[in-house]
Amino acid sequence: LEQKKTETRYLLVGLGLLVTVSILGLLFLLSNNRLKRIRLQKDVIDLESKNLSLEKSALQKELEMRNKELTTNVMYLVQKNEYLTEIAEQLKSIKQNLPEEKIPGIDRLINDLKSNRYDNIWKQFEIRFQDVHQDFYTRLNERFPDLTPNEKKLAAFLRLNMTTKDISAITFQLPDSIKTA
């Protein structure tokens with residue numbers, strides 16, 4: 001009986017040790033799995049961060065490209081505008097040598113050229129500018145609600161880093177007037 005009690009104790013102690021070792025082994029495996037999961041989460045976060053920085057870089061490059069395209073477009077429109085102005089000036093000089101009955105037609109043509117050039121340029125510019133800088137005017141109106149339309153146009157040109165000379169060519173104002181504005 002005494003020997004059976006001792007064997008039972010040894011058996012219980014052995015089973016207890018076996019259960020304890022098993023539990024410690026499971027805890028060790030769980031902690032390793034947790035560490036692996038944390039490392040994987042960290043790697044995922046690092047990859048997402050790199051992905052976001054690459055996306056940001058790509059968006060900045062695209063914005064720069066669109067700004068350059070917009071500026072090029074504006075410069076093209078300025079050249080077109082200068083060409084229309086030149087044609088209007090040539091028509092004025094030709095008008096002096098024409099008979100009286102043809103002068104009203106020439107005057108209408110000159111006025112059409114003058115009125116067409118700036119309105120079309122600004123409409124085209126505004127459409128393209130809104131495509132590139134979608135919320136620029138919204139933020140500008142929120143921060144400065146009392147701006148006049150001319151001041152908003154000037155802000156748009158400045159947003160494109162245009163020079164005073166370029167802005168004066170587009171708006172038909174003197175560079176000093178642009179500086180003052």
Side-chain angles (χ1 to χ4, degrees), residues 1-81 119-171 173 175 178-181:
L1 193 60
E2 194 61 41
Q3 190 176 358
K4 256 195 161 180
K5 281 185 177 180
T6 307
E7 285 178 6
T8 308
R9 280 186 198 151
Y10 285 139
L11 186 62
L12 288 175
V13 169
L15 283 174
L17 284 174
L18 185 64
V19 169
T20 305
V21 168
S22 298
I23 290 173
L24 288 176
L26 287 174
L27 288 174
F28 178 74
L29 288 176
L30 285 174
S31 68
N32 273 349
N33 282 342
R34 179 183 279 167
L35 286 174
K36 285 180 184 177
R37 197 175 333 116
I38 290 172
R39 283 188 201 122
L40 284 175
Q41 287 175 343
K42 183 182 178 274
D43 290 344
V44 166
I45 290 171
D46 289 343
L47 286 174
E48 286 175 351
S49 172
K50 287 178 183 177
N51 190 21
L52 286 175
S53 66
L54 287 174
E55 283 181 24
K56 181 181 177 185
S57 173
L59 287 174
Q60 285 177 334
K61 286 180 182 178
E62 183 182 348
L63 181 64
E64 288 175 15
M65 181 189 71
R66 285 187 158 201
N67 273 342
K68 287 178 183 178
E69 182 181 302
L70 186 59
T71 304
T72 302
N73 236 345
V74 168
M75 296 313 292
Y76 166 75
L77 292 173
V78 167
Q79 288 175 346
K80 177 182 162 190
N81 195 18
D119 292 339
N120 285 342
I121 286 176
W122 181 248
K123 286 176 187 172
Q124 290 176 12
F125 170 78
E126 220 168 23
I127 290 168
R128 288 189 175 99
F129 187 82
Q130 284 291 355
D131 286 343
V132 177
H133 303 282
Q134 290 141 356
D135 60 342
F136 177 76
Y137 285 122
T138 305
R139 288 183 297 154
L140 191 65
N141 285 333
E142 286 173 1
R143 291 183 69 191
F144 308 102
D146 297 332
L147 288 179
T148 65
N150 284 335
E151 290 170 335
K152 289 177 187 177
K153 289 177 187 178
L154 183 61
F157 292 136
L158 292 174
R159 175 75 171 102
L160 294 175
N161 294 324
M162 295 181 77
T163 65
T164 306
K165 184 179 177 183
D166 294 337
I167 296 170
S168 69
I170 293 170
T171 60
Q173 296 177 357
I178 300 297
K179 285 179 186 177
T180 303

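Owing to the predicted nature of the structure, the values given are computational and were not obtained by experimental measurement.
- For the pair L11/L15, a side-chain contact is recorded, criterion being any heavy-atom separation below 4.5 Å from C-beta on.
- Taken from NZ in K50 to CD in E55, the straight-line distance is 15.0 Å, to the nearest 0.5 Å.
- The CZ atom of R39 lies 13.5 Å from the CZ atom of R34; values are rounded to the nearest 0.5 Å.
- Taken from CG in L59 to CG in L54, the straight-line distance is 11.0 Å, to the nearest 0.5 Å.
- Between the CG atom in L24 and the CG atom in L29 there is a gap of 11.0 Å [rounded to 0.5 Å].
- If you take CG on L140 and CZ on R159, they are separated by 11.0 Å, rounding to the nearest 0.5 Å.
- In this structure, the side chains of I23 and L27 come closer than 4.5 Å at one or more pairs of heavy atoms.
- A donor-acceptor pair under 3.5 Å is absent between the side-chain atoms of S57 and the main chain of S53, judged by distance alone.
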*Could you go through the side chain to side chain contact (heavy atoms under 4.5 Å, CB included) check for L154 and L158 one step at a time?*
CA-CA 6 Å; L154 183 61; L158 292 174; 4.2 Å; yes
*List the steps and the verdict of side chain to side chain contact (heavy atoms under 4.5 Å, CB included) for E151 and T148.*
CA-CA 5 Å; E151 290 170 335; T148 65; 3.2 Å; yes
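- Around CD of Q3, the count of heavy atoms belonging to other residues, nucleotides or ligands within 6.0 Å does not exceed 12.
- The main-chain N or O of L47 is never found under 3.5 Å from a side-chain atom of N51 such that the two would form a donor-acceptor pair.
- Between I178 and K165 the shortest side-chain heavy-atom distance does not fall below 4.5 Å.
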*Checking salt bridge (charged side-chain N to carboxylate O under 4.0 Å, His left out) for the pair K42/D46: CA distance, chi angles, key distance, verdict?*
CA-CA 6 Å; K42 183 182 178 274; D46 289 343; 3.6 Å; yes
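- Across every non-hydrogen atom of A156 and Y137, the tightest pair is CB-OH, 3.5 Å.
- No donor-acceptor pair under 3.5 Å is formed between the side chain of S49 and the backbone N or O of I45.
- Of the inter-residue distances, the one linking E62 atom CD with E69 atom CD reads 10.0 Å to the nearest 0.5 angstrom.
- Contact annotation: the side chain of N150 approaches that of K153 to within less than 4.5 Å [non-hydrogen atoms, C-beta and beyond].
- Across L147 and K152, no two heavy atoms sit closer than the pair O-CE, 3.7 Å.
- Residues E142 and T138 have side chains in contact (heavy-atom distance under 4.5 Å, counting atoms from C-beta outward).
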